[in-house]
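A short write-up of the structure that comes next.
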There are 2 protein chains.
Amino acid sequence: MTVTLADVAARAQVSPATVSRVLNGNYPVAATTRERVLRAVDDLDYVLNGQASALAAATSDLVGILVNDIADPFFGIMAGAAQSQIGGPEGAGAGRAGGEKLAIVCNTGGSPERELTYLTLLQRQRAAAVILTGGAIEDPEHSAAVAAKLGKLADGGARVVLCGRPPLEFPGGGEAVAAALAFDNRGGARRLTEHLLTLGHRRIAYVAGPVERTTTRHRLEGHRDAMEAAGLGRTVVALTVHGPYDRRSGYDATLELLRREPALTAVVAANDTVALGACAALRELGRSIPDDVSVAGFDDLPFSADAMPALTTVRLPLHEAGARAGRLAMGREAAPAGGIATVPADLVVRGSTAAARG
Amino acid sequence: MTVTLADVAARAQVSPATVSRVLNGNYPVAATTRERVLRAVDDLDYVLNGQASALAAATSDLVGILVNDIADPFFGIMAGAAQSQIGGPEGAGAGRAGGEKLAIVCNTGGSPERELTYLTLLQRQRAAAVILTGGAIEDPEHSAAVAAKLGKLADGGARVVLCGRPPLEFPGGGEAVAAALAFDNRGGARRLTEHLLTLGHRRIAYVAGPVERTTTRHRLEGHRDAMEAAGLGRTVVALTVHGPYDRRSGYDATLELLRREPALTAVVAANDTVALGACAALRELGRSIPDDVSVAGFDDLPFSADAMPALTTVRLPLHEAGARAGRLAMGREAAPAGGIATVPADLVVRGSTAAARG
DNA sequence: ACGGCCGTAGTAAGCGCTTTCTATGCGCTA
DNA sequence: TAGCGCATAGAAAGCGCTTACTACGGCCGT
């Protein structure tokens with residue numbers, strides 16, 4: 001039915017070995033022979049069988065990119081940037097393009113099981129590399145399972161890169177991860193809250209992300225650090241609400257926080273999307289931003305600059321980080337010293353924050 | 001080095017065939033034997049070799065999802081929804097979970113070459129299905145190439161689904177596509193412009209998407225239809241600017257349009273992201289929305305409701321469409337009659353549009 | 001008591017490539 | 001002219017699975 005290497009060989013009157021060599025270009029083949037083979041490939045519309053090729057060569061050109069939520073630009077930007085360093089060969093010929101890989105984006109939806117499942121699937125496909133993006137779930141059991149899987153993946157020759165995820169703690173102490181790009185969530189959050197404190201805010205509410213996520217915890221810790229340094233440590237717990245990283249969560253949480261503390265003057269959100277929800281809630285209650293209440297986000301997603309007022313937030317160089325993760329996964333860039341690089345998180349002050357009233 | 005089926009067989013004291021059968025569960029195996037095999041699998045931490053398995057069984061569990069821009073939630077939402085119907089087996093065992101596939105998202109970046117390249121790559125992997133999302137490029141040569149590739153893919157047994165992409169025109173007249181879900185871009189755009197006309201607007205500018213894209217053309221045609229029906233057909237060309245689907249484009253185009261027609265009272269954008277850029281430009285020029293100028297978008301992405309003022313737009317059920325495409329790709333849903341289903345595009349009126357002033 | 005059938009398990013032939021090893025022809029040098 | 005090395009091509013052995021096809025007991029019916 002489908003055209004095989006042997007068919008091409010027959011038509012070009014050469015051995016299958018020669019065809020393979022022409023396609024892979026890793027062995028000298030006389031120009032005239034090559035020509036003949038190429039013509040046969042063309043005539044027959046031959047396409048290499050990836051599985052067979054991978055099986056025989058014991059290599060795969062799959063690179064897995066795990067994301068928590070593909071519909072969230074936070075992940076989309078990183079994944080796209082990573083993929084740009086990895087996938088889509090330029091020459092679309094029948095042979096496998098040199099060194100190019102096929103990046104595949106796997107959407108875990110934040111579920112630990114799916115994360116593990118995808119890791120198994122990638123292991124099954126003998127993936128060349130795996131990039132894990134975004135925060136991890138902080139269940140010890142799950143972390144151990146993930147660490148174990150990554151260890152196996154690495155044993156199998158896969159390069160493992162963490163992007164926006166804190167370095168794993170390996171039980172055995174062994175380091176199976178090629179590199180980790182850790183966002184400075186804590187520092188960014190601290191600077192953000194300090195900014196608010198400097199503006200005179202004291203009753204600052206915090207809409208945190210889902211519990212048991214490293215990202216959530218780190219950002220919250222940064223916030224708490226700043227609050228404690230200002231002697232406001234005790235108010236933090238009462239004025240913190242957890243929820244998913246979506247608009248709805250920001251909306252609901254803000255309503256709840258306002259019930260707890262009607263006089264709050266600032267709301268810090270776990271990320272920009274959540275912040276937008278918070279803005280919506282405040283507007284509906286007739287509170288002006290930033291005159292009555294300041295609002296701040298995190299991530300600096302593209303739409304944040306377009307919110308009204310434009311969102312004060314913490315900028316994460318998602319594109320750069322994703323691209324670097326991609327390069328790391330391809331082995332095109334040396335791993336940072338110690339295997340860990342911290343990605344800066346810079347405060348971006350815009351219109352949604354202002355001096356506390358009164 | 002790595003554990004193979006044979007190793008498991010040896011440890012369980014059975015033949016490789018039996019192990020395979022236990023793992024695939026497609027052949028009766030005595031309970032005690034199965035037990036023994038499973039224990040061996042566990043003991044050895046065995047993971048099936050996907051390539052070998054796929055090669056031998058002549059089937060693949062890869063499903064490709066092609067998107068133009070993974071960082072754009074428009075695609076992220078569809079891809080995520082599609083993937084939710086496809087990927088991530090529930091049981092993460094060593095065997096291949098029944099009927100479950102691995103969804104892989106391929107980011108073409110809107111480039112025709114990469115689109116073709118990914119299609120070849122998927123063909124090489126003998127993908128079980130391919131979903132193409134979003135508008136197509138309107139180059140006849142490229143369309144023909146894509147159609148040919150899809151034909152081959154289909155010949156090879158892959159299910160091909162178009163989501164948000166108009167049905168292909170096959171040269172041979174043959175229909176190789178399992179199903180096409182076409183957005184009613186034209187109708188939606190028409191209704192949107194009609195809405196503006198009803199509000200009394202006459203000088204309506206249009207910020208279109210990139211030229212040579214079906215989505216761009218269809219939306220523009222809907223707009224033009226409405227304008228022509230109102231006797232304003234002649235103003236359309238002069239008040240239309242093309243650009244990419246990003247914020248920047250909306251910003252720049254609006255500036256340009258205002259230069260051409262300072263008295264315009266409404267700006268219709270190719271999509272919500274572009275609309276946000278338009279809003280930014282208008283605000284900077286001190287024009288109030290919607291008092292001075294009405295602005296409308298398209299797609300109804302999540303953030304559109306949060307813009308200030310909330311964006312009037314055309315709602316596309318991206319999640320539903322993506323999910324349906326996923327089901328179609330899995331053969332879990334019957335193809336619509338004629339292979340083509342039109343996805344409705346409903347007008348959503350919010351705060352960014354109001355009666356024309358004066 | 002014997003043939004046949006059902007339920008299990010094993011044997012072995014590939015799936016379509018890659019790659020090592022071997023063979024051949026040719027132009028050199030000594 | 002014999003001997004050697006180089007460039008090129010072929011033969012064949014897998015890669016790790018799946019899946020006919022075959023084999024072998026035990027239980028049934030008659």
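The model shown is predicted, which means the values in this text are computed figures rather than measured ones.
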* To do: Decide whether B:Lys152 and B:Gln123 meet the rule of one side-chain donor and one side-chain acceptor closer than 3.5 Å.
  =>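 No donor-acceptor contact under 3.5 Å links the two side chains.
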
Specify the separation, in whole Å, of atom [atom1] of [X] and atom [atom2] of [N].
X	N	atom1	atom2	value
B:Tyr27	D:dT18	OH	C1'	13 Å
A:Leu48	C:dT18	CG	C1'	10 Å
B:Asn24	D:dC17	CG	P	11 Å
A:Leu5	D:dA12	CG	C1'	15 Å
A:Gln13	D:dA9	CD	P	13 Å
B:Gln51	C:dG16	CD	C1'	13 Å
A:Asp7	C:dG16	CG	C1'	10 Å
A:Leu55	D:dT18	CG	P	12 Å

Donor-acceptor pair under 3.5 Å, A:Arg21 side chain vs C:dT20 base:
yes

Inset, instruction - Answer yes or no: side-chain N or O of A:Arg126 and base N or O of D:dG16 forming a donor-acceptor pair under 3.5 Å. - result: no

Comparing nearest nucleotides in DNA chain C, the 5'-proximal residue of the pair B:Ala56, B:Thr18 is B:Thr18

Looking at [X], does any N or O in its side chain come under 4.0 Å of the phosphate oxygens OP1/OP2 on [N]?
X	N	value
A:Ser20	C:dC17	no
A:Thr33	D:dA9	yes
B:Ser15	C:dA9	no
A:Asn26	C:dT19	yes

Heavy-atom side-chain proximity of A:Thr108 to A:Val67 below 4.5 angstrom:
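Not touching, per the 4.5 Å side-chain cut-off.
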
Contact between B:Ile65 and B:Thr133 at the side-chain level, heavy atoms closer than 4.5 Å - yes or no?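 Touching, per the 4.5 Å side-chain cut-off.
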
Of the nucleotides C:dT18, D:dG16, D:dT18, which one has an atom closest to the side chain of B:Asn49?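 Among C:dT18, D:dG16, D:dT18, the one nearest the side chain of B:Asn49 is D:dG16.
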
By nearest-heavy-atom nucleotide on DNA chain D, the more 5' of A:Pro16 and B:Ala17 is A:Pro16

| query | Less than 4.0 Å between a side-chain N and a carboxylate O, is that true for B:Arg165 and B:Glu115? | reply | yes

Enclosure of B:Glu138 CD (heavy-atom neighbours >12, cutoff 6.0 Å):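 Buried by this count: over 12 neighbours within 6.0 Å.
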
